[in-house]
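In this chain, residues are counted from 1 in sequence order.
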Amino acid sequence: GQYSYPIVLRLEQKDRKDLPALRNLLIKSGDGRMLRLSDVADVRLSRTPNNINRENVLRRIVVKHNVQGRSLGEVVADVDRALDKVRGKLKPGYAIRISGQFEAQEKAARLVSILSLLSLAVMFALIYLHFGSANLAVQTLLNIPMAFVGAVVFILITGQSISIATLVGLISLGGIAARNKILLVDHYLHLMREEGEKFSKEMIVRAGRERIVPVLMTALTSGIALVPLVLAPGQPGRELLYPVASVIVGGLISTTLLDVLLTPGLFWTFGRSAAERVAAPGHATESDVERISMELEAESNDPDRIPG
């Protein structure tokens, strides 16, 4: 069934030491004929591995080494260049493959890249449904590169290398950066729709002043808990947490500073037509539809309501 039982057959020790007897050992061929072992094999004494490993029905010899003081990618690149001289001299049936932690990291990086693109698509769809404008959705996602600037600078300053933990931190950072941009753009539209503000520099400045505290609090609450991890990178057990924390903290610093400067400029330069259309009285957003539905449901359930 599901179990494999290893079965090993071998001759007696006295027979294994007799080379002529081994050469004359009879074996059956595929067509039923009896052949001597010496007819199909070279029987001799030689040095051989004491253990033969196999993978996918192929014999495998593993050469292992650890990496310390340098990134895994740099070491693998050096090893690959050194193996180029060996690959040209390989006999048929032999091949060299770099695997282990590097192979697992490559597979994980491809998976993370695919999930990142999927996450961006889902974020764009949700923001578009919220604002009802592709222009504003794109402007919101432009906050993510601003966050990546600080993350990359922090990685260079600390001498880190790109790893799976770093990529995971970048994905989390992208979500936080987009949330900060939504807070500010949403307030622009609120002032225009609910308080009758015109699309002007004064409105943008007012929204920035009123939203600076929520934006800073969002960044602080997300980053303060990660500061102890950033300040103690060498402690055991933090090998994976430190890259994630450092990327998020560095990105939060850049996205918070740049958000105050670039977001109003982008909105003022490219957002007039979209903002005026979305903030128009006849334009209903998803939140407006939900609010109206709740009011209609409440009216229908009111016992004192007179139909007509």
Side-chain angles (χ1 to χ4, degrees), residues 119-147 172-224 251-308:
S119 300
L120 284 175
V122 173
M123 288 172 61
F124 178 84
L126 292 176
I127 297 171
Y128 176 78
L129 291 175
H130 176 70
F131 289 130
S133 170
N135 184 316
L136 298 180
V138 171
Q139 286 194 48
T140 302
L141 293 181
L142 286 177
N143 216 36
I144 296 177
M146 302 179 197
S172 303
L173 178 61
I176 298 173
R179 182 180 59 183
N180 290 344
K181 185 67 171 281
I182 292 173
L183 284 174
L184 195 53
V185 174
D186 220 16
H187 198 54
Y188 292 151
L189 301 177
H190 171 80
L191 292 179
M192 295 176 65
R193 183 188 301 115
E194 304 296 336
E195 301 191 18
E197 288 275 0
K198 300 295 183 181
F199 186 90
S200 62
K201 293 182 180 179
E202 290 75 15
M203 181 273 296
I204 293 177
V205 172
R206 177 189 170 186
R209 289 174 179 173
E210 294 177 355
R211 273 292 173 260
I212 186 64
V213 174
V215 169
L216 290 177
M217 290 302 299
T218 300
L220 288 174
T221 53
S222 302
I224 287 178
L252 284 176
I253 295 174
S254 66
T255 189
T256 304
L257 296 177
L258 295 176
D259 193 31
V260 178
L261 300 174
L262 294 183
T263 297
L266 289 173
F267 189 77
W268 172 255
T269 305
F270 303 105
R272 177 184 292 273
S273 60
E276 291 177 346
R277 179 177 57 84
V278 173
H283 184 87
T285 61
E286 184 181 6
S287 57
D288 295 331
V289 173
E290 183 179 356
R291 176 175 54 82
I292 295 171
S293 299
M294 292 176 62
E295 292 176 355
L296 292 175
E297 183 178 357
E299 290 181 2
S300 63
N301 295 330
D302 187 1
D304 298 330
R305 176 176 175 270
I306 300 176

Contact check, side chains of [X] and [Y], non-hydrogen atoms, under 4.5 Å:
X    : Y    : result
L136 : L189 : yes
L262 : L142 : no
L191 : H187 : yes
R206 : E195 : yes

Please, which pairs that meet salt bridge (charged side-chain N to carboxylate O under 4.0 Å, His left out) have at least one residue in [range], sequence neighbours excluded?
range            : result
residues 127-140 : none
residues 132-146 : none
residues 178-191 : none

> What is the minimum heavy-atom distance between L252 and L173, and which atoms define it?
Replying inline: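 Scanning both residues, the minimum pair turns out to be N-CD1, 3.8 Å.
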> So which heavy atom on S133 is nearest to which on V278, and how close?
Replying inline: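 Heavy-atom minimum between the residues: CB-CG2, 3.9 Å.
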In Å, rounded to the nearest 0.5 Å, how long is the span from [atom1] of [X] to [atom2] of [Y]?
X    : Y    : atom1 : atom2 : answer
E276 : M192 : CD    : CE    : 5.5 Å
T263 : Q139 : OG1   : CD    : 8.5 Å
L184 : R211 : CG    : CZ    : 8.5 Å
N143 : I176 : CG    : CD1   : 11.5 Å

> Does the T255 side chain pair with the main chain of M146, one donor and one acceptor, at a distance under 3.5 Å?
Replying inline: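 No, because the side chain of T255 does not come within donor-acceptor range (under 3.5 Å) of the backbone of M146.
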>> Under the rule for side-chain contact (heavy atoms from CB on, under 4.5 Å), what residues qualify as partners of I127, not counting sequence neighbours?
In response: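 With sequence neighbours excluded, I127 shows a side-chain contact (heavy atoms from CB on, under 4.5 Å) to F131, A137, T140, L141, I182, given in chain and number order.
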> side-chain contact (heavy atoms from CB on, under 4.5 Å) with I224: which residues, sequence neighbours excluded?
Replying inline: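 I224: side-chain contact (heavy atoms from CB on, under 4.5 Å) contacts with L220.
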Under 3.5 Å, sequence neighbours excluded: what are the donor-acceptor pairs made by side chains of residues 264-274?
{"unit_1": "T269", "atom_1": "OG1", "unit_2": "G265", "atom_2": "O", "d": "2.7"}

>> Go through it in stages, so that I can follow the logic: the residues are V213 and M217, the test is side-chain contact (heavy atoms from CB on, under 4.5 Å), and I'd like the CA-CA distance, side-chain angles, deciding distance and then a yes or no.
In response: CA-CA 6 Å; V213 174; M217 290 302 299; 4.1 Å; yes
>> I'd like to know whether CZ of F124 has more than 12 heavy-atom contacts from other residues, nucleotides or ligands below 6.0 angstrom.
In response: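 Atom CZ in F124 is crowded, with more than 12 foreign heavy atoms closer than 6.0 Å.
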